[in-house]
Peer 1: 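Below you'll find the structure I mean.
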Amino acid sequence: MKKLVISIVLVNLLAACASEKPKAPEAAAPVPPPVVTAPAPEAAPAPAPMVEVDSLNDPASILAKRSVYYPFDVSAVQDADKPIVVAHAKYLSEHPDRNVRVEGNADERGSNEYNLALGQRRADGVKQMLVLGGAKASQIETVSYGEEKPKATGHDEASWSQNRRSDIKY
Amino acid sequence: MALRPSTELMELLVKPLAIWLSCKIRSKPLVIAIRLSPQAGKSLVIRTGLLQSMLGLLLLAQASVASAVLTIEIIGAGEHQIPVAIVPFGGDSKLAQTINEVVTGDLQRSGLFRLVDPAGKSPHELAEVSYPDWQMRGADALAIGTVALQTNGRIEARFRLLDVVKQTELAGQSVSANDDQVRAVGHRVADLIYEKLTGDKGVFSTRIAYVNRQGKKFSLMVADSDGYNEQTVLAQNEPIMSPAWSPDGSHLVYVSFETGHAAIYVQSLYTNQRMVLADFRGSNSAPAWSPDGKQLAVVLTRDGSSQIYLIRPDGSGIRRITFSAAIDTEPNFSPDGQSLLFTSDRGGSAQIYSMPVGGGAEQRITFGEGNNFSPRYSPDGKGFVYAHFSNGKFYIAAQDFQNGQVEILTAGGWEKKPSFAPNGKLILFASEARGRGILATVSSDGRVQQHMFTQSGDAREPVWGPHL
């Protein structure tokens, strides 16, 4: 029992260290679950070698890109961003145990409610493309924040272009 | 208006000073109202009430002193202002002073009154009134009265409204309230004066709801119609949107993201109890109560794109009433409960449409360049207000159903989410000034605007409550 507690503490410490590293913040989230279940004998060796390389965690992979951007009042994924969505579709089809949440956003030009609807349509459009690319609909949740959670708060195109966005979150 | 020639002369003399002052203080141009009528093409009629602006500046100073919580600025003035003298009430001088501030503030903000200085004369009873005194000062009406804190702890104000020209009493009334409700007494007195002198019901005693955003913190607020007495209904670190009142003013319905996505909640303002009205997958939003209170129109994405549904206040009986592949949102019931206005992009960009509540026969009713959002019927059902977006600016606009005439009521900026006061004479909307989201009102003829600066944060999504 004590050992288990200690190893959990260790894992927590490791996780804490890992998440404090500034590099590749998007890839930091999924701490490999097998470590927790295996009550390692005595001083557990570093668990890293046990885990197969997940392309999702590879900063060089296209999967490291998790956002697509839109022109004003448009909700179709743009050609330039399609490879990103296609890559995530492929990943999801190869990892049926993984789920994503697609979050749609809009710039502030429009009513808050219209923008909520537009953000939802953007997120749903990404979902549609993910499904076409082989992901299961049940792997994908879509939500919209409309203009309520702007990444950039200026009243200008520099801000707006960042806010017209869907994020794919694992 | 016998005073016109000298008034115009005064305007000439005062103009440069007024502009300089207003630039200093407001750092905004002295544009009072821009009206854009379709018949005149795009010609702009700019009306400036310069003396009145001076008055507004004086009031601004007054308001700043009165409270650190809220700053109110008034821009412009009504066409036909009724000259009225409000004599500070006799009796408890502290109560009388607050009541006087509230009454004069209310009347002035409406833009329909010109306050005549009672200096030197302070009658409190009918027998003390000498009508010629007030005729000489140009007052058409005179309000006098007394206020006292009674032994039972209640405030009682007794007042009379007198017609100075006919030398008759227009109204005599006593208003009482708990001792912490002195502002409410003032609003009540102002409502009675307003109603007697204009023929329309006053809205000073009504309340407004809005969302205050400060960084990542969102608060759903309820306040008096003048922005004072603000109370927090809900505070959280996730967005809150689209508050709407139940027709009896007892509940608010709103959108909250507290579970990670937009869901609709109903909350009692008396017990603070809240329930989930709609929480389907995707977005649940844009709630609007029917005038009889028996159903709400909401927007759901559970079946695909944002579509309008009807739902009972207990969350039962959901029925879809629009069937487009486009965005249909922001439903608003007509006062007779038979029709809905809503925003849709089914024609390629956001415009206003109308339809019977039963469904079918949808009709586009806004045309021309730009996009239109957030329609709200006027209380008489003869027209509606909405947010008009063109050339990078939002304007508050009004449209008449019968002749289709469009009036742009504001100078343009970041002006969104209009809603009528229950008497149809004022429109509350979200605006921006000095880099902050603020509450603003404009009279339904576009002549008078006021800006209300809340203490901190961005005020947004305001909505005017019903008569209580």
Peer 1: Find the one option among A:T142, A:N112, A:T153 whose heavy-atom pairs under 4.5 Å with chain B are most numerous.
Peer 2: A:N112
Peer 1: Taking NZ, NE, NH1 and NH2 as the nitrogens, is one of them in B:K416 or A:E108 under 4.0 Å from a carboxylate oxygen of the other?
Peer 2: no
Peer 1: Is any side-chain heavy atom of B:R460 closer than 4.5 Å to a side-chain heavy atom of A:E148?
Peer 2: yes
Peer 1: Whether the side chain of A:E113 engages the backbone of B:E330 through a donor-acceptor N/O pair (distance < 3.5 Å, no angle test) should be reported.
Peer 2: no
Peer 1: How long is the gap from OH on A:Y114 to OG on B:S349, to the nearest 0.5 Å?
Peer 2: 7.5 Å
Peer 1: Determine the interplanar angle of the B:F257 and A:Y145 rings, folded into 0 to 90°, and report it as parallel if under 30°, tilted if 30 to 60°, perpendicular if over 60°.
Peer 2: tilted
Peer 1: Side chain, backbone, both or neither: which part of A:D124 has a heavy atom under 4.5 Å from chain B?
Peer 2: side chain
Peer 1: Relative to chain A, which segment of B:S285 carries a heavy atom at a distance below 4.5 Å: side chain, backbone, both, or neither?
Peer 2: both
Peer 1: Just jot down the ring-ring contact (aromatic ring centres under 6.0 Å, His included) partners of B:F389, sequence neighbours excluded, or say none.
Peer 2: B:F394
Peer 1: Contact part of B:T329 toward chain A, heavy-atom cut-off under 4.5 Å: side chain, backbone, both or neither?
Peer 2: side chain
Peer 1: Do you know which of A:S144, A:A123, A:G110, A:G119 has the most heavy-atom pairs with chain B at a distance under 4.5 angstrom?
Peer 2: A:G110
Peer 1: Is B:V299 close to chain A through its backbone or its side chain, or both, or neither, when contacts mean heavy atoms under 4.5 Å?
Peer 2: neither
Peer 1: Quick check for you: among A:S111, A:S75, A:G104, which has the greatest number of heavy-atom pairs under 4.5 Å with chain B?
Peer 2: A:S111
Peer 1: Would you mind checking which part of A:R121 comes under 4.5 Å of any heavy atom in chain B, side chain (CB onward), backbone (N, CA, C, O), both or neither?
Peer 2: side chain
Peer 1: Would you check if the side chain of A:K149 reaches a backbone N or O of B:K216 as a donor-acceptor pair within less than 3.5 Å?
Peer 2: no
